[in-house]
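FYI, the numbering just counts along the sequence from 1. Remember, it's 1-based here, ligands and their atoms both numbered in the order they're listed.
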Amino acid sequence: MDYTDTETFGTILDRTATREKGNCFEDFSEGDRIEHAPGLTLSNYANELWASQTLNHDPMYWRTDAARAAGFEEPPVHPDYLLAAVMGPTVEDLSEKGGYFLGRTNVRYHDQSVTPGTELRVSSTVESTATSSSRPEYGIVTWETEGKDAETGDPLVSYERTNMIPRREPVATDGGESAAADGGDADSGEGDADDTPPSEFITPDGDRFGDFAAALDAAADRDAAVAYRHERGRTMDDVMVATLPLMTLNTAKQHHNVDVMADSPSGDIVAYGDVTRSVALGHARSDEATYRELGCDDERFHTFVTPGDTVYGFTRVVDAEDTHDHAGTVTFEHIAFNQHDEPVYSGTRRALIQQ
Ligand SMILES: C/C(=C\C(=O)O)C(=O)SCCNC(=O)CCNC(=O)[C@H](O)C(C)(C)COP(=O)(O)OP(=O)(O)OC[C@H]1O[C@@H](n2cnc3c(N)ncnc32)[C@H](O)[C@@H]1OP(=O)(O)O
């Protein structure tokens, strides 16, 4: 029999089982620890591709003199690439089955002097599992993930991530209150007590810590916020949507299987949340003199970004604290939005900004 005869082959395909990849919601129990087998060695090529394509062009990641001026011996890998390189190898075990990256919090960079050639080891612990009241075919899982330097065992990045994960069997839900286990501060679904925007928005005069602090001082005692848009936008193309996640071993079909995704709610492949976020942060960093990334919290992905969408950035300055001689700590809220002005990502970020 000729297996490659189209008609015969179609019949055979209909009768054969698929050897599945990934895990369903039922495979995760609170406290489970998973050592992720896929290894990844940070590479100069991937680092440059990630940082260049997401418009993260800060000289300290490209030029030796700028890196040294910022206290590094040589240009380190970009923190967004480092974060994605830690998350990518987790996908096969945690989220390849499908469902969506809902959010992440407690992102902490433990060492930012990491250079290309560093081999990573990544592990995750299931922090919580919960029923989705709105989507009985999914559950909601939160994991805590840590990426370490394989040679020294030193922690490099850690975070808590929450995804919708398909169930093998849908459950009956009351369709009522959210059952998100960690519920907490991820999203109260409510804005400020007073939802009226401030009457005035102040833009800092420059990109230094003092400019952010002065703008916040100017806004205090007034019905004003320090908030501004960034000019650049990045249209999502194949490199952004499929190449960047695959380069970090992120096997989520959402980003590279158009055939499967045609039948999903987005109708198309969707941009990896870390790519969308990195573009928004790249826009923001182009308007600030960043010294170090400290961490991100309350990151949410509000709606799909599909090929052809353009990602813009908006920043609100929340706080500025004079913490170091050479830099101060600034807390930002960043919102990525698309060409229809719809928020697609939001999160708070703390960074040291040069004095
Ligand atoms: C796959 C991948 C990486 C990977 O491999 O991993 C990716 O990169 S993929 C690309 C990035 N991603 C997206 O493209 C998603 C964009 N987004 C949306 O398209 C919509 O957001 C939605 C359709 C997913 C939901 O839409 P929505 O139904 O209107 O949203 P919500 O009602 O807010 O959330 C529904 C339920 O998730 C609970 N929930 C939400 N957020 C959190 C959180 N942070 N912690 C704990 N629970 C949370 C909520 O509590 C509710 O729970 P219930 O079901 O119990 O009500």
When only distance counts, is Phe301 in polar contact with ligand 1, meaning an N/O pair under 3.5 Å? yes
Cut-off 3.5 Å, side chains only: do Asp268 and Thr306 have a donor facing an acceptor? no
Under the ring-ring contact (aromatic ring centres under 6.0 Å, His included) rule, collect the residues that match up with Tyr345, sequence neighbours excluded. Phe301
Which atoms of ligand 1 are found less than 4.0 Å from any heavy atom of Asn163? 4 (C), 6 (O)
Any atom of ligand 1 sitting under 4.0 Å from a heavy atom of Arg104? no
For Ala271, the ligand 1 atoms with a heavy-atom partner under 4.0 Å come out as 10 (C)
With backbone taken as N, CA, C and O and side chain as the heavy atoms from C-beta onward, which portion of Ala252 lies under 4.0 Å from ligand 1: side chain, backbone, both, or neither? side chain
Between the candidates Gln254, His255, Glu299, which shows the shortest non-hydrogen contact distance to atom 7 (C) of ligand 1? His255
Is any NZ, NE, NH1 or NH2 atom of the basic residue among Glu92 and Lys21 found under 4.0 Å from an Asp or Glu carboxylate oxygen of the other? no
Taking atom types as modelled, find out whether His57 and Ser52 have a side-chain donor-acceptor pair closer than 3.5 angstrom. no
What atoms of ligand 1 come within less than 4.0 Å of a heavy atom belonging to Met164? 35 (C), 36 (C), 37 (O)
Would Tyr272 count as being in polar contact with ligand 1, using the rule that some N or O on each side must be under 3.5 angstrom apart? no
Using distance alone, decide if ligand 1 has a nitrogen or oxygen within less than 3.5 Å of any nitrogen or oxygen in Tyr100. no
Checking side-chain polar atoms at under 3.5 Å, does Ser278 have a donor or acceptor matched by the opposite partner on Trp50? yes
Near Arg161, which atoms of ligand 1 are under 4.0 Å from a heavy atom of that residue? 4 (C), 5 (O), 6 (O)
If you look only at distance, which donor and acceptor atoms sit under 3.5 Å apart when one is on a side chain in residues 82-90 and the other is two or more places apart or in another chain?
unit_1, atom_1, unit_2, atom_2, d
Thr90, OG1, Met87, O, 2.6
Thr90, OG1, Arg161, NH2, 3.0

Polar-atom distance check: Phe101 versus ligand 1, any N or O pair below 3.5 Å? yes
Just by distance, with hydrogens left out, do Asn250 and Thr248 show a side-chain donor and acceptor under 3.5 Å apart? no
Need the ligand 1 atom indices (1-based, order shown) with element for anything under 4.0 Å from a heavy-atom of Thr303. 16 (C), 17 (N), 18 (C), 19 (O)
Would one find an N or O of Arg300, backbone or side chain, under 3.5 Å from an N or O of ligand 1? yes
If you count the atoms of ligand 1 from 1 in the order shown, which ones are under 4.0 Å from a heavy atom of Ser132? 53 (P), 54 (O), 55 (O)
Determine whether more than 12 heavy atoms belonging to other residues, nucleotides or ligands lie under 6.0 Å from atom NZ of Lys97. yes
If we only consider heavy atoms of Met87, is any one of them less than 4.0 Å away from an atom in ligand 1? yes
Atoms of ligand 1 less than 4.0 Å from Val91 heavy atoms? 5 (O)
I want to confirm something. Looking only at heavy atoms, which of Gly273, Ser133, Ala130 is nearest to atom 53 (P) of ligand 1? Ser133
Do Glu160 and Arg104 meet the salt-bridge criterion of a basic N to acidic O distance under 4.0 Å? no
Is a donor from one side chain sitting under 3.5 angstrom from an acceptor on the other, for Asp223 and Ser199? yes
Would Glu293 and Arg285 pass as an ion pair if we require N to O under 4.0 Å? yes
Backbone or side chain, does any N or O of Asn250 fall under 3.5 Å from an N or O of ligand 1? no
